[in-house]
Structure formats: structure tokens, C-alpha cells
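Take a look at the structure set out below.
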Amino acid sequence: MIVVILGAAAIVYALMLPKRQVDKSSSDKEKLVQEVEATLEQYMADIERENEELVELISRMKQETESKQLAHQEQLAELRQRLVQLEQQTLQHEARITAAEQGTHQAAAVMLAQAQEVAAAQISRYQQEQQPSLAEPEPEPQEPSIRDRYSELFDLYAQGKSVDGIAKVTGMQSGEVQLILQLAKQEGSL
């Protein structure tokens with residue numbers, strides 16, 4: 001297309017040139033035509049050479065792309081193989097963990113059963129030891145009454161001291177003094 005346009009441009013240029021001499025014009029025209037043809041041939045040779053270079057460049061790029069694609073496919077296949085191996089290892093580890101957990105549960109159950117047996121034996125032994133003492137119950141010691149434990153507080157109360165005054169003398173809180181007095185009323189020792 002470019003060649004046709006250049007040829008047409010050359011012809012239009014040739015037609016626009018003023019005619020010099022009639023005799024010379026025919027020989028000049030032939031020279032001009034030869035020059036235009038030579039120029040066009042050289043231009044076409046340059047275009048053909050550039051086209052060949054482009055074809056070579058494209059073929060090299062295609063080969064490089066194909067080699068890279070093959071390398072990526074190989075890497076992908078290797079990664080898939082590794083993934084399968086890792087999945088298998090994970091399944092093996094999970095099976096081992098499950099087996100270990102079951103072993104642990106079984107061991108815990110055995111230890112619990114043994115502990116229960118030991119506890120039952122100790123309870124039985126304790127009950128046997130305590131049977132004679134159950135036949136003869138010992139009298140339980142009675143706790144001293146609240147009045148015996150806080151005799152100073154009740155003495156001050158009997159003297160007519162106020163709750164705050166009793167708290168200051170005994171070093172107790174006034175709420176504590178009131179509580180002790182209420183407990184004594186409930187016990188009936190006040």
C-alpha cells in the first residue's frame with residue numbers, strides 16, 4: 001500500500017515538473033522512471049528486510065513464551081505433588097494424634113478406676129476403724145456461750161455503756177458490738 005502511494009506520488013511529481021525540452025524530456029522521463037523504480041525497489045527491499053526481522057523477533061518471543069509456559073507447568077506439577085504429599089502427611093499426623101488421644105483417654109479411665117478402688121478401700125478401712133467409736137459416742141464438748149466469750153463487752157453493757165462507748169473500750173467496731181448483743185438476745189443469755 002505504501003509502495004503504491006509512493007509510486008503515485010512520484011508520477012504526480014513527474015507530471016508537475018515543467019517540460020524542458022521535448023527531446024530531453026523523453027530521455028529524462030526514462031531516467032526519472034528508472035530512478036523512481038530503483039528507489040521503489042530499494043524501499044521495498046528495506047520493508048521486506050524489516051518484515052523478516054519482525055517475523056524473527058515474533059518467533060523468538062513465541063519460543064520464549066512457550067519455554068516459560070513449560071517451566072510454569074513443570075513448577076505447577078511439582079507444587080501439586082508437594083501438596084498431595086503434605087495432605088498425606090497431615091492425614092498421618094491426624095491419625096497419630098487421634099490414636100494418642102484415645103490412648104490418653106484409656107489411660108485416664110484406668111487411672112480413674114484405680115483411684116476409685118483406692119478411695120473405696122480407704123473409706124472401707126476408715127469405716128472399720130470408726131465402728132467401735134460409733135458404738136460409744138463421746139460427749140461433744142459444748143462451745144462456750146457468747147456471754148462467756150465476750151464477758152468484758154457484756155459487763156460494760158450491764159454498766160449501761162452505749163454501743164459506741166463499748167466499741168471504743170474493747171477496740172471493736174460498733175456494728176460488731178451490735179451484732180454480738182443481738183446474738184446474745186437470740187441465745188437468751190442477755
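The residues of the chain are indexed from 1 along the displayed sequence.
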Single-linkage hydrophobic cluster, 4.5 Å side-chain cutoff, V33 and L6 together
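Different hydrophobic clusters.
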
For V36 against A10, the heavy-atom pair lying closest together:
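Result for this residue pair: CG1-CB, 3.7 Å.
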
Which pair of heavy atoms, one from F154 and one from R147, lies closest together, and at what distance?
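Closest pair (atom of F154, atom of R147, distance): CE1-CA, 3.5 Å.
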
Might you confirm whether atom CD1 of I2 has over 12 heavy atoms from other residues, nucleotides or ligands at distances under 6.0 Å?
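Incorrect, the count does not exceed 12.
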
Can you tell me how far the [atom1] atom of [X] sits from the [atom2] atom of [Y], to the nearest 0.5 Å?
{"X": "L153", "Y": "E176", "atom1": "CG", "atom2": "CD", "value": "9.0 Å"}
{"X": "D164", "Y": "Q173", "atom1": "CG", "atom2": "CD", "value": "10.5 Å"}
{"X": "L79", "Y": "L86", "atom1": "CG", "atom2": "CG", "value": "10.5 Å"}
{"X": "L91", "Y": "R96", "atom1": "CG", "atom2": "CZ", "value": "11.5 Å"}
{"X": "K62", "Y": "E64", "atom1": "NZ", "atom2": "CD", "value": "13.5 Å"}
{"X": "Q88", "Y": "L83", "atom1": "CD", "atom2": "CG", "value": "10.0 Å"}

Pairwise side-chain hydrogen bond (donor to acceptor under 3.5 Å, both in side chains) hits with a residue in residues 33-56, at least two apart:
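Every side-chain hydrogen bond (donor to acceptor under 3.5 Å, both in side chains) pair that includes a residue of residues 33-56, provided the two are not neighbours, is D46-R49.
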
State, yes or no, whether a side-chain contact exists between T170 and E152 at a heavy-atom distance under 4.5 Å.
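A side-chain contact exists here, since the closest heavy-atom pair is under 4.5 Å.
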
Can you check side-chain contact (heavy atoms from CB on, under 4.5 Å) on M172 and I166, steps first, answer last?
CA-CA 8 Å; M172 298 177 156; I166 295 171; over 6 Å; no

